[in-house]
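Here's the structure, in structure tokens; my notes come after.
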Number of protein chains: 2
Amino acid sequence: MFRQLGRLGHMPATPLESSEHRSGALLDHLARRMRLRSESVLAPLGLRPRHLVALTVLRAGGGTGQQALATILEMDSTNIVGLLNDLEAKQLIERRRSPEDRRRHVVELTADGAKRLSEAECALASAEDEVLGALDPAERETLYELLSRASTGTAPNCTEAICAADDPL
Amino acid sequence: MFRQLGRLGHMPATPLESSEHRSGALLDHLARRMRLRSESVLAPLGLRPRHLVALTVLRAGGGTGQQALATILEMDSTNIVGLLNDLEAKQLIERRRSPEDRRRHVVELTADGAKRLSEAECALASAEDEVLGALDPAERETLYELLSRASTGTAPNCTEAICAADDPL
DNA sequence: AAGGATCGTCTGTGCAGCACAAACTATTTA
DNA sequence: TAAATAGTTTGTGCTGCACAGACGATCCTT
């Protein structure tokens, strides 16, 4: 519990710049708006928003054990199983047993998965246009970059392993 | 249904610059992580994440009718009622009948509401630190600004009505 | 080799968010 | 007066999700 707000101008020397600008609620709000639109757009592709999230994380993170995935996504591992089952049934991911520890399933995006993910992202363009309509392309890119950095922990400059997987174009 | 993707390299001259950088999944992911932390932090204040979202929108938007609110939040209006009932019971918002159209309830943040919102945002600082740990303060401010602009439609510069309401302390 | 810990899987249970529908009041508008 | 609109209330059902229990497979001890 700090000073709460700027108050009456007699704050010592606290910069107070970014002060109470908490992004949480806005994040929630926009994510919801996005999700609502995504669902209908994604349905024809046989995906749901959370599949997209998982695929995105996998694309960024490479071969991950599923309990590591559970940690990243902050989901219960039992629910991860179902999620991955869906994706594996569609051959968008692959579960391979880790050679080091054969209990472990290493989850990886397949070529199909990367492709489908790109398609989905492409299909989401109009949804994003609606939700982020107030931002110009440069701002959206900035937003993407910030979100990307935040979500992959402290990754400074690795936001472009992204296009590596699927563009044999 | 456009061309789906770049496919086989015979795309005309599409720049393809920011290309497939869709923020949807990242937004979802971060919002979830944020929400999980928020819930426990907010509980002692008698609030839940969605209350925060509603309060935030109200703070930004001023006196809104509840069906307008339903549109903004993209929630069913029946659920808005319950949400507002919660907030009104805690005297964080006020429902006044609109003088122009007495059917309409104009919803407004009370002084208490603004205060509580600030407290909540303050309490969320640590949660945000965890989730946005990879971003420095300037970047977080940028993020906030982008999210704020996006969520209030095309609002360029009205993010600081914030500190006006509650500081008679 | 035996014991316990760990990873993943499957099943089931229960709660909460939320959309949807129907019925009602108060009020405005045609 | 009749119809449309804003809000409220209640109920129903689906879905997401956490949580728990049980199981097989595989490590890691000792």
Side-chain angles (χ1 to χ4, degrees), chain A residues 25 27-29 31-40 42-43 46-54 58 61 63-89 93-108, chain B residues 25 28-29 31-40 42-43 46-54 57-58 61 63-89 93-108:
Chain A
L27 223 40
D28 212 333
H29 184 200
R32 174 185 170 82
R33 297 182 50 169
M34 198 65 192
R35 190 162 30 76
L36 287 174
R37 286 161 180 73
S38 303
E39 274 163 3
S40 51
L42 254 32
L47 294 173
R48 323 188 107 234
R50 84 176 55 104
H51 294 131
L52 254 281
V53 176
L58 282 173
T64 343
Q66 11 195 127
Q67 118 175 338
L69 205 55
T71 305
I72 295 173
L73 296 177
E74 303 200 48
M75 288 180 58
D76 193 280
S77 56
T78 59
N79 295 114
I80 294 282
V81 173
L83 193 59
L84 294 181
N85 285 349
D86 293 348
L87 295 173
E88 195 175 35
I93 61 152
E94 227 177 33
R95 289 195 249 220
R96 295 179 293 97
R97 298 224 87 113
S98 164
E100 309 135 356
D101 183 345
R102 303 200 60 267
R103 289 170 302 182
R104 190 173 302 163
H105 275 164
V106 175
V107 183
E108 257 173 2
Chain B
D28 210 333
H29 184 200
R32 174 187 171 80
R33 296 182 49 167
M34 197 65 192
R35 189 164 29 77
L36 288 173
R37 286 160 179 73
S38 302
E39 274 163 4
S40 51
L42 254 32
L47 294 172
R48 323 187 106 239
R50 83 175 51 104
H51 295 132
L52 253 282
V53 175
V57 166
L58 283 173
T64 345
Q66 10 194 127
Q67 115 175 341
L69 205 55
T71 305
I72 295 172
L73 295 177
E74 303 199 49
M75 287 179 61
D76 194 279
S77 56
T78 58
N79 296 115
I80 294 282
V81 173
L83 193 58
L84 294 182
N85 285 349
D86 292 348
L87 295 174
E88 195 174 35
I93 60 153
E94 226 177 35
R95 289 195 249 219
R96 295 179 294 97
R97 297 222 90 111
S98 165
E100 309 135 357
D101 184 345
R102 303 198 61 265
R103 289 170 301 182
R104 192 173 301 162
H105 274 165
V106 175
V107 183
E108 257 173 0

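Just so it is clear, the values below take in all heavy atoms, side chains as well, and ignore hydrogens, waters and symmetry mates. Proteins get letters first, then strands, A, B, ... in listed order; numbering begins at 1 in each.
Mapping B:Q66 and A:S98 onto DNA chain D by nearest heavy atom places B:Q66 closer to the 5' end of the strand. Of the residues near DNA chain C, A:L36 and A:R104, the one whose nearest nucleotide (by heavy atom distance) lies more toward the 5' end is A:R104.
Dashed line: the shortest gap from a side-chain N or O of A:N85 to OP1 or OP2 of C:dC10 is under 4.0 Å. The phosphate of C:dA26 (OP1 or OP2) has no side-chain N or O of B:H105 nearer than 4.0 angstrom. Residue B:R32 has a polar side-chain atom (N or O) positioned under 4.0 Å from OP1 or OP2 of D:dC17. For C:dC7, neither phosphate oxygen OP1 nor OP2 lies less than 4.0 angstrom from any side-chain nitrogen or oxygen of A:R97. Between B:R95 and the phosphate of D:dT8, there is a side-chain N or O to OP1/OP2 separation shorter than 4.0 Å. For B:R50, a side-chain nitrogen or oxygen approaches OP1 or OP2 of C:dG17 to under 4.0 Å. Remark: A:R102 is in phosphate contact with D:dT26, judged by side-chain N or O atoms under 4.0 Å from OP1 or OP2.
Ionic pairing of B:E74 and A:R35 is not present here: no N-O contact between side-chain nitrogen and carboxylate oxygen is shorter than 4.0 angstrom. Ion pair B:R48/B:E39 not flagged as a salt bridge, since none of the NZ, NE, NH1 or NH2 atoms sits closer than 4.0 Å to an Asp/Glu carboxylate oxygen.
In this structure, A:E39 places its CD atom 10 Å from P of C:dA19, rounding to the nearest Å. With rounding to whole Å, B:R37 atom CZ is found 16 Å from D:dA18 atom C1'. In this structure, B:L84 places its CG atom 16 Å from P of D:dA6, rounding to the nearest Å. The separation between A:I80 atom CD1 and C:dT11 atom P is 18 Å, rounded to whole Å. A straight line from CG of A:D86 to C1' of C:dT9 spans 14 Å, rounded to a whole angstrom. At whole-Å resolution of the value, CG in B:N79 and P in D:dG11 are 15 Å apart. In this structure, CG of B:D76 is placed 10 Å from C1' of C:dA21, rounded to the nearest angstrom. For the pair B:R35 CZ and C:dC18 C1', the interatomic distance rounds to 13 Å; values are reported in whole Å.
A:P49 and B:D28 make their closest contact through CB-OD2, 3.8 Å (heavy atoms, listed as atom of the first residue, atom of the second, distance).
In this structure, A:D101 reaches the sugar-phosphate backbone alone: every heavy-atom distance under 4.0 Å involves primed, P, OP1 or OP2 atoms, never a base. Residue A:G65 is in sugar-phosphate contact alone, with no base atom involved, counting any heavy-atom pair closer than 4.0 Å across all strands shown.
Set against D:dT5, D:dT26, C:dG8, the side chain of A:R103 has D:dT26 as its closest nucleotide. Each of C:dC18, D:dT8, C:dG17 was ranked by its minimum atom distance to the side chain of B:M75; first place goes to C:dC18.
Although no hydrogens or angles enter the test, the distance criterion places no donor-acceptor pair under 3.5 Å between the side chain of A:R102 and the main chain of A:S98. In this structure, B:R104 contributes its side chain and B:R97 its backbone to no donor-acceptor pair below 3.5 Å.
In terms of polar N and O atoms assigned as donor or acceptor, the side chain of B:T78 never comes within less than 3.5 Å of the base of C:dC18 in a complementary pairing.
Checked options A:H105, A:E88, A:E108; the residue passing with A:R95 is A:E88 (criterion: side chain to side chain donor-acceptor pair (under 3.5 Å)).
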